[in-house]
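Computed over heavy atoms, backbone and side chain alike; hydrogens, waters and symmetry mates excluded.
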Amino acid sequence: MRLWRSVVGKLWMTILLLVSFVLIILTILLIQFFEKYHVDQIEQSLSDTAEKISGIIESHRNDGLGEEIVFEIVDDPMAVAIAYDKERFHYSPDTNESNKIPPYVFLNDKELGKVFTEQKVIKKELSMSDVHDPGSRFKNYIVAGVPLHLNDNETGAIFIYQSLGVLKETTKQTANLILLAAGIAIVLTTFFAFFLSTRITAPLRKMKEAALELSKGNFDTRIPFLSHDEIGELAIAFNQMGKRLKFNMNVLRQEKEQLTNILSSMADGVMTFSRDGTILITNPPAERFLQQWPIDGSEANGPIPPEMAELLGQAVADEKEHTGELSVQGRYYVVIVSPLYTHDQKSVRGAVAVIRDMTEERQLDKLRIDFVANVSHELRTPIAMLQGYSEAIIDDIAGSEEEKQEIIKIIYDESLRIGRLVNELLDLARMEAGHITLNFEEVDVGAFVDRITSKFQTIARDNNIELKSHIEKEDIIFSLDPDKIEQVLTNLIDNAIRYTHENGKITVTQSVVKGGITISVEDDGTGIPEEDLPFVFERFYKADKARTRGRAGTGLGLAIAKNIVNAHQGQLTVASKLGEGTTFTLFLPNRK
């Protein structure tokens, strides 16, 4: 930092300029005072000397000794001119020509001429600019003139004068003394200024360093105050400011953490926007929403869906809350956009958007509607058959005992179907409510899979389907509930047989993987449409009956199987391609 830009330099320059200004004024006044004093003293001295010379000349006017006495008592730098009349002027013999004032100057000067005409004592500073070259005041003369009385009819004058050149040396010495004093004063002033400014700037530098530390977030920085003046009070105020800033920052940090935790724990997405649509703040659900947009992976259409951008523009334009719905990659969202105002509530500075994922609610509504429709559909057919065949018996339509037995057999089968449907619904409800009990046993998985596969060999042969099992590793002992897993595999193999055409092939594969085992049921049947894959484990889901073999099931088997596998902490997944086949994979983890 340059000196004149610092407080020390500015204070030093200010004091130095002030002292210099005072010394200059003082020098001018002192020089003028001394010059006036010396001029007055010279005038008085010349006047007194002239009076004495006049008295001497008058007392020796007859013996001629007066001039000798006068010339003896008049020494340099004074000079005397004795005018016995206007024609006769006698100068002291040691007067230089350059220092001699011509007689016409005395005679032509109006004031000095009064010595002859009016017999007055005259004291005057005489400028010799008309005699010599113009110059400074030091080339002027102080002239004292007194009348000289010789006889009654003869009057003359005594002119004694002295050059002001003698003041030049005096003024020079005075100026040198003042300059010496000024130099001493400047040195002392500089020392005092730097001492004083150091006392001031040292605490200021500490305050600057402390302020920089505060700007970095070190709010524990403190400044020691060693005085009780304004600097000390400023240090106390600075320390109090640091404490207050630390307290306020802690409060703000806590509020920010609280707000962040609230936003992070919200199930709904929250985004805030500036007035021009720039995204400012998001929480995790909102970030997941943004990751789904744009669909093509580019930002050609903007960072948010156009429907949401339109709601944002409307909320900022009319300063009202707007609600809309949008769909992104098969998920449904409700967006509520509200304007954000400035602190004075006079203008809109942006908007906040709340994004609620309504996909699950929509799916639940669809499942509820489908559940009612499917249950009604599943029950309507057997109930109608029960009603119809019961009426046939009552009306005695059956002509023979065999026909009656056939009708009774149909009524019995349909009642079993209704009972099976109701039981499966009750089992599924208990499973989804978590009321499922598993009885774990140590089971040879290879033998277990072979046994279940063998149960379906007859049905597979009747339908000209090749059913085989593939065990990658024998003698694997695993802990599971054999009854529940058998129910799952029975459902999967039965579905595979019903959805596989003649001369098809079904393979049940058991393998050991990291963390557990997998059992997969693969067929080369009709497959499942891609749009139906997300719903295969939902209740009452059934593929197109035109592609099934034999009587269709209730549509609850896969939902029950899914819940059984989930109870084992496992996973049941499906992979299928329409017309090429389907593979269901069951993963069971090792028990911990």
Side-chain angles (χ1 to χ4, degrees), residues 215 217 245 247-373 432 530-535 537-539:
S215 66
L245 280 175
F247 174 78
N248 292 337
M249 290 301 296
N250 288 334
V251 172
L252 290 175
R253 189 179 296 108
Q254 292 175 359
E255 292 180 354
K256 182 179 179 181
E257 291 176 354
Q258 183 178 2
L259 180 60
T260 302
N261 293 334
I262 292 174
L263 289 176
S264 300
S265 62
M266 289 180 64
D268 297 336
V270 178
M271 288 190 291
T272 58
F273 300 86
S274 63
R275 190 177 180 88
D276 59 358
T278 303
I279 299 175
L280 301 178
I281 299 175
T282 59
N283 67 341
E287 292 176 358
R288 290 193 293 269
F289 170 79
L290 292 175
Q291 290 173 358
Q292 303 177 53
W293 178 262
I295 298 175
D296 58 3
S298 65
E299 296 190 2
N301 300 323
I304 59 176
E307 298 88 350
M308 188 172 179
E310 183 179 356
L311 290 174
L312 176 62
Q314 293 176 355
V316 173
D318 56 20
E319 301 182 8
K320 294 181 180 179
E321 182 178 282
H322 288 269
T323 303
E325 296 185 6
L326 56 91
S327 175
V328 178
Q329 296 188 4
R331 302 194 67 84
Y332 300 93
Y333 298 92
V334 173
V335 180
I336 303 173
V337 181
S338 303
L340 293 175
Y341 295 91
T342 56
H343 66 282
D344 55 4
Q345 301 295 315
K346 292 183 179 180
S347 61
V348 175
R349 62 179 177 86
V352 58
V354 178
I355 306 166
R356 180 166 298 170
D357 190 347
M358 302 297 293
T359 305
E360 186 175 352
E361 286 79 359
R362 295 286 179 87
Q363 291 177 348
L364 290 176
D365 290 341
K366 183 177 182 300
L367 289 175
R368 178 177 57 81
I369 296 172
D370 293 344
F371 177 78
V372 175
E432 291 181 345
E530 184 179 355
E531 61 272 13
D532 290 339
L533 282 176
F535 307 102
F537 297 110
E538 302 294 342
R539 290 176 291 184

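With rounding to the nearest 0.5 Å, the separation of CD in Glu325 from CG in Leu311 is 10.5 Å. With values rounded to the nearest 0.5 angstrom, Tyr333 atom OH is found 4.5 Å from Asp357 atom CG. In this structure, Glu310 CD and Ile304 CD1 are separated by 11.0 Å, a value rounded to the nearest 0.5 Å. Atoms CD1 and CE, from Ile355 and Met271 in turn, are 3.0 Å apart once rounded to the nearest 0.5 Å. The CZ atom of Arg349 lies 5.0 Å from the CG atom of Leu340; values are rounded to the nearest 0.5 Å. Note that OG of Ser327 and CD of Glu307 are 9.0 Å apart. Values are rounded to the nearest 0.5 Å.
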Exercise for review: Dump the intermediate steps for side-chain contact (heavy atoms from CB on, under 4.5 Å) on Gln258 and Asn261, then the final yes or no.
Suggested key: CA-CA 5 Å; Gln258 183 178 2; Asn261 293 334; 5.6 Å; no
Practice item. Go through the steps to decide whether Leu259 and Glu255 satisfy the test side-chain contact (heavy atoms from CB on, under 4.5 Å), and finish with yes or no. Key: CA-CA 6 Å; Leu259 180 60; Glu255 292 180 354; over 6 Å; no
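Here the side chains of Phe273 and Met308 are in contact, with some heavy-atom distance below 4.5 Å. Using a 4.5 Å heavy-atom threshold, the side chains of Leu290 and Ile279 count as touching.
Smallest separation of non-hydrogen atoms from Asp318 and His322: OD2-NE2, 2.9 Å. Closest approach of Ala315 and Pro339 over heavy atoms only: O-CB, 3.9 Å. The two atoms that bring Arg275 and Val348 nearest to each other are NH1-O, 2.7 Å, heavy atoms only. Closest heavy-atom contact between Pro284 and Ser264: CD-CA, 3.9 Å. In this structure, Ala353 and Val337 approach most closely via the heavy-atom pair CB-CG2, 4.1 Å.
For the pair Thr282 (side chain) and Ala286 (backbone), a donor-acceptor distance under 3.5 Å is absent. Remark: side-chain polar atoms of Asn283 are paired, donor with acceptor, to backbone N or O of Asp268 under 3.5 angstrom.
Partner Ile281 forms a side-chain contact (heavy atoms from CB on, under 4.5 Å) with one of Val352, Thr260, Thr272 and no other, that one being Thr272.
In the displayed structure, Tyr341 atom OH is contacted under 6.0 Å by more than 12 heavy atoms of other residues, nucleotides or ligands.
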